[in-house]
**Q** 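First the structure, then my questions, so here it is.
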Amino acid sequence: MNIRKIYELLYSHYGDLGWWPADNDEEIIIGAVLTQNTSWKNVEIALRRMKDYQILGISEICKSSEDTIKKAIMPSGFYNRKAMTLKRLSSGIIERFGSVEAMKKQSAMDVANFLGSIHGIGPETRDDILLYALGFPAFIIDSYTTRIFSRFTGKEKYQHDLLTGRVPIGDIPLNVEELKNIHAMLVLTAKEHCRKKPVCGGCPLETKCSFALEKEK
DNA sequence: CTCCAGGAGA
DNA sequence: TCTCCGGGAG
């Protein structure tokens with residue numbers, strides 16, 4: 001599977017999507033936690049509520065009670081776990097780095113290891129933060145990506161360096177802007193075409209996808 | 001009422 | 001590998 005080829009197929013269809021809507025990097029970090037196993041629609045409601053509660057920021061989270069956070073983020077679901085995760089992450093950032101800006105000056109591996117050490121932050125949330133909030137190269141693997149790659153390659157469980165060695169990304173020939181965009185494009189592809197119940201017609205990957213090719217026969 | 005979408009613990 | 005955690009939307 002040639003990731004560059006997939007990028008070109010997607011790009012000629014979608015172009016630059018300009019992704020992860022947020023006013024600042026801290027909102028991206030918070031959104032990355034809230035969107036765990038949750039649709040972005042629900043996250044938007046939760047972010048709006050956090051703004052209303054005046055707790056939409058790293059230091060604000062440190063200062064506010066866990067109960068207040070729970071109330072604010074309720075619409076995004078799993079609020080007990082997520083409130084604790086936001087607390088641990090926020091205080092960890094302040095204690096370890098002092099600020100989000102300071103994190104960007106560290107090495108990718110140091111920041112990745114820090115994020116991975118936070119209870120409630122798994123591989124996907126870690127990579128969301130690394131890529132979209134901090135600008136480090138990371139290839140984000142979520143359930144959409146897994147589904148698309150599995151069908152595209154025709155392998156039940158697609159296993160590759162991409163899924164095991166996400167940080168650092170090694171030989172993936174994509175720069176940071178392309179990495180941001182390919183994840184955005186893969187999400188759109190999954191929502192529009194590569195759903196649980198596939199809609200292969202018009203999919204940008206249709207001509208090269210073994211699932212679509214197999215189905216045609 | 002059913003579906004959706006990460007991470008941890010067992 | 002299975003189960004729990006919790007909402008919003010179709």
Side-chain angles (χ1 to χ4, degrees), chain A residues 17 19-22 27-53 55-56 61 65-93 111-134 136 138-152 155-160 162-167 169 179-180 182-200 203 211:
Chain A
L17 292 174
W19 223 48
W20 207 297
E27 285 186 28
I28 295 176
I29 292 173
I30 295 162
V33 172
L34 295 183
T35 201
Q36 287 172 355
N37 212 41
T38 302
S39 76
W40 186 253
K41 203 68 187 170
N42 296 15
V43 176
E44 281 181 333
I45 302 169
L47 288 171
R48 160 49 57 185
R49 287 169 62 87
M50 287 185 78
K51 199 163 216 168
D52 294 342
Y53 278 65
I55 57 170
L56 188 53
I61 289 170
S65 75
E66 204 167 292
D67 216 55
T68 304
I69 300 171
K70 286 181 188 177
K71 286 199 186 88
I73 68 174
M74 188 92 64
S76 74
F78 306 99
Y79 49 85
N80 284 305
R81 293 165 186 273
K82 287 176 182 176
M84 289 192 290
T85 302
L86 285 174
K87 270 285 191 188
R88 283 188 289 253
L89 178 58
S90 299
S91 58
I93 288 172
V111 179
N113 288 335
F114 161 76
L115 291 171
S117 74
I118 304 290
H119 188 95
I121 303 286
E124 188 192 337
T125 310
R126 177 197 67 198
D127 291 350
D128 281 339
I129 293 171
L130 284 171
L131 180 62
Y132 288 106
L134 305 176
F136 289 114
F139 192 96
I140 296 163
I141 302 287
D142 58 5
S143 59
Y144 294 141
T145 316
T146 309
R147 187 160 71 218
I148 292 172
F149 284 179
S150 297
R151 287 184 180 147
F152 188 87
K155 294 179 175 143
E156 196 67 27
K157 275 286 170 193
Y158 181 71
Q159 294 294 354
H160 184 266
L162 284 185
L163 290 98
T164 55
R166 285 180 272 196
V167 179
I169 60 167
L179 287 162
K180 287 182 182 178
I182 197 171
H183 183 241
M185 295 190 293
L186 286 169
V187 169
L188 254 189
T189 302
K191 285 182 179 296
E192 293 177 348
H193 301 286
C194 209
R195 310 179 184 178
K196 293 252 176 128
K197 292 180 184 303
V199 183
C200 296
C203 176
F211 181 86

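Lettering of chains follows the sequences in order, A, B, ..., and the numbering in each one begins at 1.
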**Q** Give one of base, sugar-phosphate or nothing for T85(A), where a contact means two heavy atoms less than 4.0 Å apart.
**A** nothing
**Q** Measure from CZ on R195(A) to C1' on dA9(C) and round the result to the nearest Å.
**A** 14 Å
**Q** To the nearest Å, how far apart are N37(A) CG and dG8(C) C1'?
**A** 13 Å
**Q** How many Å lie between CZ on R49(A) and C1' on dG6(C), as a whole number?
**A** 14 Å
**Q** Could you write out DNA chain C as dot-bracket? Rules: Watson-Crick or G-U wobble, both distances under 3.5 Å, brackets [ ] for crossings, | for pairs with another strand, dot for unpaired.
**A** |||||.||||
**Q** Taking for each residue the nucleotide of DNA chain B with the nearest heavy atom, is it T38(A) or G120(A) whose nucleotide lies nearer the 5' end?
**A** T38(A)
**Q** With no hydrogens and no angle check, do the side chains of K71(A) and Y53(A) hold a donor and an acceptor under 3.5 Å apart?
**A** no
**Q** Can you tell me how far the CG atom of D128(A) sits from the CD1 atom of I121(A), to the nearest 0.5 Å?
**A** 9.5 Å
**Q** Whole-Å distance between dG6(C) P and I73(A) CD1?
**A** 9 Å
**Q** Could you tell me which non-hydrogen atom of I69(A) sits nearest to which non-hydrogen atom of L86(A), and how far apart they are?
**A** CG2-CD1, 4.2 Å
**Q** Establish, from distance only, whether the side-chain atoms of S143(A) and T146(A) form a donor-acceptor pair under 3.5 Å.
**A** no
**Q** Checking the side chain of T85(A) only, and the main-chain atoms of R81(A) only, is there a donor and an acceptor separated by less than 3.5 Å?
**A** yes
**Q** If I take atom CZ in residue F78(A) and atom C1' in nucleotide dG8(C), what distance separates them, rounded to the nearest angstrom?
**A** 12 Å
**Q** Heavy atoms under 4.0 Å, any strand shown: does S143(A) hit a base, just sugar-phosphate, or nothing?
**A** sugar-phosphate
**Q** Looking only at atom types and distance, does a side-chain atom of R88(A) sit under 3.5 Å from a main-chain N or O of G120(A), one as donor and one as acceptor?
**A** no
**Q** Taking all non-hydrogen atoms of both residues, which atom of M50(A) and which atom of A72(A) are closest, and how far apart?
**A** CG-CB, 4.0 Å
**Q** Once you round it to whole Å, what is the distance between P of dG8(C) and OH of Y79(A)?
**A** 10 Å
**Q** Taking CG from N42(A) and P from dG7(C), how many angstroms apart are they, rounded to a whole number?
**A** 11 Å
**Q** Anything under 4.0 Å to a heavy atom of chain A counts; send over the first and last such nucleotide of DNA chain B, read 5' to 3'.
**A** dC4(B) to dG9(B)
**Q** So what does G122(A) hit on the nucleic acid, given a heavy-atom distance under 4.0 Å: a base, only sugar-phosphate, or nothing?
**A** sugar-phosphate
**Q** Taking all atoms of both residues into account, what is the closest heavy-atom pair of I140(A) and H183(A), and its distance?
**A** CG2-NE2, 3.4 Å
**Q** Does OP1 or OP2 of dG6(C) have a side-chain N or O of N80(A) closer than 4.0 Å?
**A** yes
**Q** Between atom SG of C194(A) and atom CZ of R151(A), what is the distance when rounded to the nearest 0.5 Å?
**A** 4.0 Å
**Q** Any donor-acceptor pair under 3.5 Å linking the side-chain atoms of S65(A) with those of K70(A)?
**A** no
**Q** At 4.0 Å (heavy atoms only), tell me whether K82(A) reaches a base, stays on the sugar-phosphate, or touches nothing.
**A** nothing
**Q** Nearest whole Å is fine: how far is dG10(C) P from K191(A) NZ?
**A** 12 Å
**Q** Mapping Y144(A) and I121(A) onto DNA chain B by nearest heavy atom, which one lands closer to the 5' end?
**A** Y144(A)
